[in-house]
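Below is one structure; the comments refer to it alone.
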2 protein chains.
Amino acid sequence: MSGRQTGRPTLEEVATRAGVGRGTVSRVINGSPRVSEQAKEAVERAVAELGYVPNRAARALAGNRTDAVALVVPETENRLFAEPYFLDIIRGVSAELADADMQLLLTLIRTDQERQRFEQYLAAQRVDGVLLVSVHRDDPLPDLVRALGLPAVLNGRRSENEPVAYVDSDNVGAGRSAVEHLAGRGRHRIATITGPLDMFAAQGRLDGYRQGLAAVGLPTDDRLVSTGDFTEEGGRRAMAELLERCPDLDAVFAASDLMAVGARAVLRARGREVPGDVALVGVDDSPVARHSDPPLTSVRQPIEEMGRRMARALLRQIAANGAGGSDVEEDGGEERPRLVLPTELIVRASS
Amino acid sequence: MSGRQTGRPTLEEVATRAGVGRGTVSRVINGSPRVSEQAKEAVERAVAELGYVPNRAARALAGNRTDAVALVVPETENRLFAEPYFLDIIRGVSAELADADMQLLLTLIRTDQERQRFEQYLAAQRVDGVLLVSVHRDDPLPDLVRALGLPAVLNGRRSENEPVAYVDSDNVGAGRSAVEHLAGRGRHRIATITGPLDMFAAQGRLDGYRQGLAAVGLPTDDRLVSTGDFTEEGGRRAMAELLERCPDLDAVFAASDLMAVGARAVLRARGREVPGDVALVGVDDSPVARHSDPPLTSVRQPIEEMGRRMARALLRQIAANGAGGSDVEEDGGEERPRLVLPTELIVRASS
DNA sequence: CGCTAGAGTGGGAGCGCTCCCAATCCTCCG
DNA sequence: CGGAGGATTGGGAGCGCTCCCACTCTAGCG
């Protein structure tokens with residue numbers, strides 16, 4: 001009955017109440033320095049009294065921006081990834097965006113139809129920037145985004161010289177440290193189960209594996225390398241293959257915890273003890289690693305931190321975009337960070 | 001150099017090209033029936049040729065809606081939940097929203113500050129509706145949302161007669177089926193580790209446990225009930241307590257997989273075999289359940305389906321809100337669904 | 001054959017904000 | 001003491017869309 005209808009106060013009302021003009025209120029709200037202390041106080045009081053909150057749609061329309069960024073997750077990939085990974089990314093991203101009062105739009109892309117819809121989204125200027133998770137080597141999405149002139153940051157990269165800004169973890173270091181650790185435990189025949197090699201992360205871990213072997217003076221042997229796909233089943237297949245080819249292996253570096261778990265199952269079925277006969281190291285430090293039997297040694301990535309950095313990098317791009325030319329961007333490239341964060345080996349009973 | 005600037009086509013341009021007025025284009029875009037077949041075709045052609053996509057901000061401003069809904073996740077809770085749970089909810093929600101061309105805004109609430117910011121969000125009409133995950137009994141957020149007159153749907157409920165629309169799983173049924181299964185395996189001293197009892201889901205599972213005992217003609221014994229908090233550590237503590245009080249127990253129904261895993265660790269440490277000495281059943285059918293040793297029998301909830309239903313229910317509320325009175329809503333309550341979806345027992349080696 | 005209903009249509013009037021220009025008021029300098 | 005220059009300020013002009021009020025044109029009715 002009383003009903004304050006849709007009655008949110010507007011900028012205009014705040015201005016009236018504060019006894020100033022619309023422009024001045026707008027300046028105060030947006031933190032412009034060109035406002036007298038006096039006016040600023042009056043406006044702030046009025047804002048508080050009225051409980052004024054700016055209307056986003058109006059702002060977006062007038063200011064030609066949205067204060068929102070999209071986090072894009074190709075769904076098929078996501079299934080493969082250790083799931084907590086994705087959640088941790090969200091955590092980091094969300095925290096950083098909240099501080100900047102930006103909205104987080106979550107977009108899962110499952111089908112081609114959804115992909116198209118998303119491309120329309122982008123075209124319709126519905127976000128100020130895009131965060132892309134789990135990109136494959138031949139994923140066209142990053143380029144599409146860039147073609148539209150939208151700020152973007154990838155999680156991971158597609159190749160060594162990724163043209164789009166990215167935040168990655170040190171996959172090479174991960175592989176190297178795992179191998180060095182295993183060698184330090186006295187293992188000599190160290191095998192590896194890789195991820196799908198069209199993912200740069202998988203390639204990096206493999207490179208790290210090789211570098212590690214070289215560093216500790218062990219020979220490389222291609223029979224000790226088997227390709228998986230980051231899934232448990234893939235880990236099983238790869239492990240079976242390895243055992244067949246090299247029955248004498250005494251350690252395995254699996255490029256994901258899930259594959260390590262699959263490998264462990266096969267080892268057990270074949271009567272090999274972990275870590276007695278074969279030491280095992282995974283990557284991700286996922287819950288599965290902690291709960292497997294024996295608990296799995298694993299290389300941890302700073303996932304949440306990656307999310308945070310991604311968001312930060314994106315915000316910086318967006319800010320630069322707005323400040324600089326409103327048109328095409330410079331090729332200065334100062335605002336196209338390539339971040340590689342260090343990983344950490346968590347030693348548990350499996351090695 | 002060519003640069004189509006920010007030059008997205010506008011409604012006006014489409015109208016010109018199609019040789020009709022703005023109003024007609026708007027009608028076609030929004031699927032109004034009051035348009036001649038001829039005009040409709042002309043507009044559709046112009047839209048296709050120009051690659052027109054409506055500007056959301058303008059639409060939101062003019063239409064007083066946003067075509068976006070928020071999915072709110074109190075972060076502290078989330079930690080407790082089996083993580084895939086949350087992802088599956090997102091999947092369901094996302095799929096359903098995408099079909100309705102609605103945006104999904106993800107909001108993690110960690111601190112009080114973020115909570116306040118979120119309340120401002122709501123007040124600022126930045127979303128058309130809200131989905132709330134993992135509500136505690138005394139959570140004020142649902143009521144706040146309703147006070148603002150915003151459509152809302154909860155995942156789970158705070159009490160038996162939850163005033164806000166919700167989608168829940170059949171927690172009572174979950175507890176009952178677990179107990180009946182264990183009894184069917186010949187167990188007579190069936191204990192339970194509950195979740196935090198200020199969560200209705202936890203209470204429901206406990207009720208189901210009791211109903212199950214009654215159904216199979218076993219006596220209830222409060223010493224066989226221990227309270228956990230859905231975490232692994234909580235499961236450990238509760239299990240230790242149970243063993244102390246009732247060394248003769250031969251089965252445990254844990255209200256979450258994580259607690260079941262904790263319980264298993266304690267059982268093993270105390271030299272009790274699973275399932276030989278003590279059978280174990282969890283809830284969630286999480287990856288942890290599949291990977292634990294032995295694989296854990298668990299009650300599965302249709303999580304993604306819950307997400308889907310939540311979204312659908314919310315969309316319906318939003319539609320009704322818009323269609324009906326634009327002001328206060330009727331008390332007809334037709335649009336306040338209370339959905340309880342069935343669960344399913346997945347039998348594995350632990351029981 | 002005039003008149004009344006629609007059906008279909010065009011376009012004015014905003015939605016609430018930002019941008020930006022012109023106006024005002026000081027202050028300081030020659 | 002006059003004028004230049006900077007600091008503040010008010011408010012017009014949109015941003016692209018929806019809402020809604022006429023208005024035109026038909027078809028059907030008595």
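In what follows, every chain begins at residue 1, and chains take the letters A, B, ... in the order their sequences are listed.
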Between [N] ([atom2]) and [X] ([atom1]): distance, integer Å:
X       : N      : atom1 : atom2 : value
B:Glu12 : D:dC17 : CD    : P     : 9 Å
B:Asn64 : D:dG16 : CG    : C1'   : 16 Å
B:Arg8  : D:dG16 : CZ    : C1'   : 13 Å
A:Leu11 : C:dT18 : CG    : P     : 6 Å

Before accepting this row, confirm whether a basic side-chain N of the pair A:Glu13/A:Arg17 lies closer than 4.0 Å to the acidic partner's carboxylate O. no
Any chance you could list the contact pattern along nucleotides 4-14 of chain C? Use B for base contacts, S for sugar-phosphate-only contacts and - for none, protein heavy atoms under 4.0 Å, 5' to 3'. ---SSBBBBBB
Near DNA chain C, under 4.0 Å by heavy atom, which residues of residues 47-61 of chain B? B:Leu61
Measure the [atom1]-[atom2] distance between [X] and [Y] for me, rounded to the nearest 0.5 Å.
X        : Y        : atom1 : atom2 : value
B:Leu132 : B:Asn155 : CG    : CG    : 9.5 Å
B:Leu131 : B:Leu104 : CG    : CG    : 8.0 Å
A:Thr66  : A:Arg59  : OG1   : CZ    : 12.0 Å

Give a yes or no on this: more than 12 heavy atoms of other residues, nucleotides or ligands lie within 6.0 Å of atom CD of A:Gln116. no
Please check if atom CG in B:Asp112 has more than 12 non-hydrogen atoms from other residues, nucleotides or ligands closer than 6.0 Å. no
Please walk me through it: do A:Ile29 and A:Tyr52 pass side chain to side chain contact (heavy atoms under 4.5 Å, CB included)? CA-CA 10 Å; A:Ile29 302 259; A:Tyr52 170 75; 3.4 Å; yes
Who are the side chain to side chain contact (heavy atoms under 4.5 Å, CB included) partners of [X], not counting sequence neighbours?
X        : answer
A:Arg126 : A:Tyr121, A:Ala124, B:Val53, B:Arg56, B:Asp101, B:Gln103
A:Arg22  : A:Leu11, A:Glu12
A:Arg338 : A:Tyr166, A:Arg336

Report for the helix from C:dC1-D:dG30 to C:dG30-D:dC1: angle between first-end and last-end helix axes, five pairs each, rounded to 10 degrees. 50°
